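Comments concern the structure below.
Heavy-atom basis, side chains included; hydrogens, waters and symmetry copies ignored. Proteins get letters first, then strands, A, B, ... in listed order; numbering begins at 1 in each. Here the structure is a predicted model, which means the values were calculated and not measured.
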Number of protein chains: 2
Amino acid sequence: MSTERTFYFVDTIDRRILNQLQRDSSLTNQALADEVGLSPSACLKRVKRLREEGIIEREVALLNPDTLGQCLHMVVEVTMERDNKSLYQRFLTSALSAPEVKQCYQVTGECDFVLIVTVADLDEYDRFCDRVLYGDDNMRKYRTLLSRKRHKFETSVPMESLLST
Amino acid sequence: MSTERTFYFVDTIDRRILNQLQRDSSLTNQALADEVGLSPSACLKRVKRLREEGIIEREVALLNPDTLGQCLHMVVEVTMERDNKSLYQRFLTSALSAPEVKQCYQVTGECDFVLIVTVADLDEYDRFCDRVLYGDDNMRKYRTLLSRKRHKFETSVPMESLLST
DNA sequence: CGTGAAATATGTATCGT
DNA sequence: ACGATACATATTTCACG
């Protein structure tokens, strides 16, 4: 598990840019420049740099799942049999490549992985379990928490306090 | 808990547009129009409609937490004392307004809520627990799973199969 | 980092199917 | 009702100070 060791220098203006774009990336560069008190060209240069450095990974549209028909969210806690790195890796590879798995956290505590799985219906969830969970012979057990409602979904990452946003 | 009942008609072209924008909303309207085989103006009209109807909720930049110094993710399972709607609502109001809570799922199963909490360090997490969890007298217990690594974070919502993306 | 001009993109009105 | 074309407005982008 190689943790990223690449840190970049991110100053207050960068943080304000990131803060805005985490909220709303549909801002025009001009509006953004205005907000952070920079000229459009200087602002654009910073945004491009933040993108190139991988600090901004990508920009996406967030859809409202409730408007798109069936969409079930599951929280799945997975416990492995043996604490073996390569067996863990094998599970990870399969879990990460599954389109149903939207999030995957490797945790310390009463289980080993927590997955957020999104499917259209319970049949699809069954097939997912057969394929990814039962398909791994180092998987000891899993526990499913079926979400009745996703009350909050916020993608932003904490930023050291800003003087003014 | 009022589930959204507003469904809209979303055809194949809309789905292709949504699919693209879920992946990458930094596409120019021209490039998007090209991808889905529409003129730029027709494409723009659809995107605006999808936004007005709330199918596209917003556009955001996803940052790489590993490049920004300390950022701990916690999976927190909360169990309430009494299954009382207004007491649940009181907890929800407080949890949803907490900036540390990035995601909140109300679940069926061995607990009542699953939170994804993001903090800079354990001190901040302690303060969060005191304020939001211990601060609610209908909270019976909670269990924390500390994430050692967030392996996957995908915001897209499943879309009925598309002929070609 | 800011300015200004050229290159692109967006947004709108209008017409055609 | 929906898409295409063309035109007007706005934004991005880059060379230069």
Side-chain angles (χ1 to χ4, degrees), chain A residues 7-64 67-69 155 159-165, chain B residues 5-64 67-68 155-156 159-165:
Chain A
F7 286 96
Y8 293 97
F9 185 67
V10 172
D11 67 13
T12 308
I13 299 184
D14 286 337
R15 278 199 280 273
R16 294 181 65 186
I17 290 175
L18 293 171
N19 229 32
Q20 291 292 338
L21 292 182
Q22 283 199 106
R23 285 186 227 258
D24 181 7
S25 65
S26 73
L27 273 175
T28 66
N29 182 55
Q30 292 196 347
L32 181 61
D34 236 49
E35 291 270 3
V36 303
L38 238 53
S39 73
S41 72
C43 183
L44 186 64
K45 263 184 232 159
R46 280 172 182 259
V47 173
K48 285 178 81 168
R49 206 205 73 218
L50 291 166
R51 230 191 281 270
E52 275 157 18
E53 286 171 346
I55 294 172
I56 297 178
E57 241 166 33
R58 56 193 183 125
E59 286 162 38
V60 298
L62 300 183
L63 310 189
N64 180 347
T67 60
L68 285 165
T155 58
M159 205 71 82
E160 279 132 71
S161 59
L162 305 168
L163 309 181
S164 64
T165 53
Chain B
R5 283 272 156 268
T6 341
F7 285 96
Y8 294 98
F9 185 68
V10 171
D11 66 14
T12 308
I13 299 181
D14 286 337
R15 278 200 279 276
R16 294 181 67 187
I17 290 175
L18 293 171
N19 229 32
Q20 291 292 339
L21 294 181
Q22 283 199 106
R23 285 186 225 258
D24 180 6
S25 64
S26 73
L27 274 176
T28 65
N29 182 56
Q30 293 198 344
L32 181 61
D34 238 46
E35 291 270 3
V36 303
L38 237 53
S39 72
S41 72
C43 184
L44 187 63
K45 263 184 234 164
R46 279 173 182 262
V47 173
K48 283 181 82 170
R49 207 204 74 218
L50 290 166
R51 230 192 281 267
E52 275 157 18
E53 287 171 347
I55 294 173
I56 297 177
E57 238 165 36
R58 56 193 184 125
E59 286 163 39
V60 299
L62 300 182
L63 310 189
N64 180 347
T67 60
L68 285 165
T155 58
S156 67
M159 204 71 81
E160 279 131 71
S161 59
L162 305 168
L163 310 180
S164 64
T165 52

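- Using a cutoff of 4.0 Å between basic side-chain nitrogens and carboxylate oxygens, B/Lys48 and B/Glu52 are not scored as salt-bridged.
- Pairing each heavy atom of B/Pro40 with each of B/Asn29, the nearest pair is O-ND2, 2.9 Å.
- In this structure, A/Asp34 atom CG and C/dC1 atom P are separated by 16 Å, rounded to whole Å.
- For the pair A/Ala61 and B/Ile56, the tightest heavy-atom approach, listed with the atom from each and the gap, is CB-CG2, 4.2 Å.
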Task: For DNA chain D, the dot-bracket pattern of Watson-Crick and G-U pairs whose distances stay under 3.5 Å, | for other-strand partners - done: |||||||||||||||||

List, with names and distances, any nitrogen or oxygen atoms from the protein found under 3.5 Å away from nitrogen or oxygen atoms belonging to nucleotides 15-17 of chain C.
none

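- Nearest heavy-atom pair, B/Val60 versus A/Ser25, reported as atom, atom and distance to 0.1 Å: N-OG, 3.2 Å.
- The shortest distance between the side-chain N/O atoms of A/Arg46 and the OP1/OP2 oxygens of C/dC1 is below 4.0 Å.
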Could you list, one pair per line, each protein nitrogen or oxygen that sits under 3.5 Å from a nitrogen or oxygen of nucleotides 10-17 of chain D, together with the distance?
unit_1 : atom_1 : unit_2  : atom_2 : d
D/dT11 : OP2    : A/Gln30 : OE1    : 2.8
D/dT12 : OP1    : A/Asn29 : N      : 2.8
D/dT12 : OP2    : A/Asn29 : N      : 3.0
D/dT12 : OP2    : A/Gln30 : N      : 3.1

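- The salt bridge (Lys or Arg N to Asp or Glu O under 4.0 Å) search around A/Arg46 returns A/Asp11, A/Asp14, not counting sequence neighbours.
- The one candidate from A/Leu21, A/Thr155, A/Leu62 that meets the side-chain contact (heavy atoms from CB on, under 4.5 Å) condition with B/Leu62 is A/Thr155.
- For B/Asp24, the side chain to side chain contact (heavy atoms under 4.5 Å, CB included) partners two or more places apart in sequence, or in a different chain, are B/Ser26, B/Leu27.
- Side chain of A/Arg58 to main chain of B/Arg23: a donor-acceptor pair is present (N/O by atom type, distance under 3.5 Å, no hydrogens or angles).
- Residues satisfying the side-chain hydrogen bond (donor to acceptor under 3.5 Å, both in side chains) test with A/Gln30, not counting sequence neighbours, are none.
- The two residues A/Gly54 and B/Asn64 come nearest to each other via the heavy atoms O-CB, 3.3 Å.
- A heavy atom closer than 4.0 Å to some atom of DNA chain D occurs in no member of residues 49-62 of chain A.
- By the salt bridge (Lys or Arg N to Asp or Glu O under 4.0 Å) test, A/Glu57 is found to be paired with no residue, residues two or more places apart in sequence or in another chain being considered.
- For A/Ser41, the side chain to side chain contact (heavy atoms under 4.5 Å, CB included) partners are A/Ser39, not counting sequence neighbours.
- Listed by chain and residue number, A/Lys102, B/Gln22, B/Glu154 satisfy the side chain to side chain contact (heavy atoms under 4.5 Å, CB included) test with B/Ser156 (two or more places apart in sequence, or in another chain).
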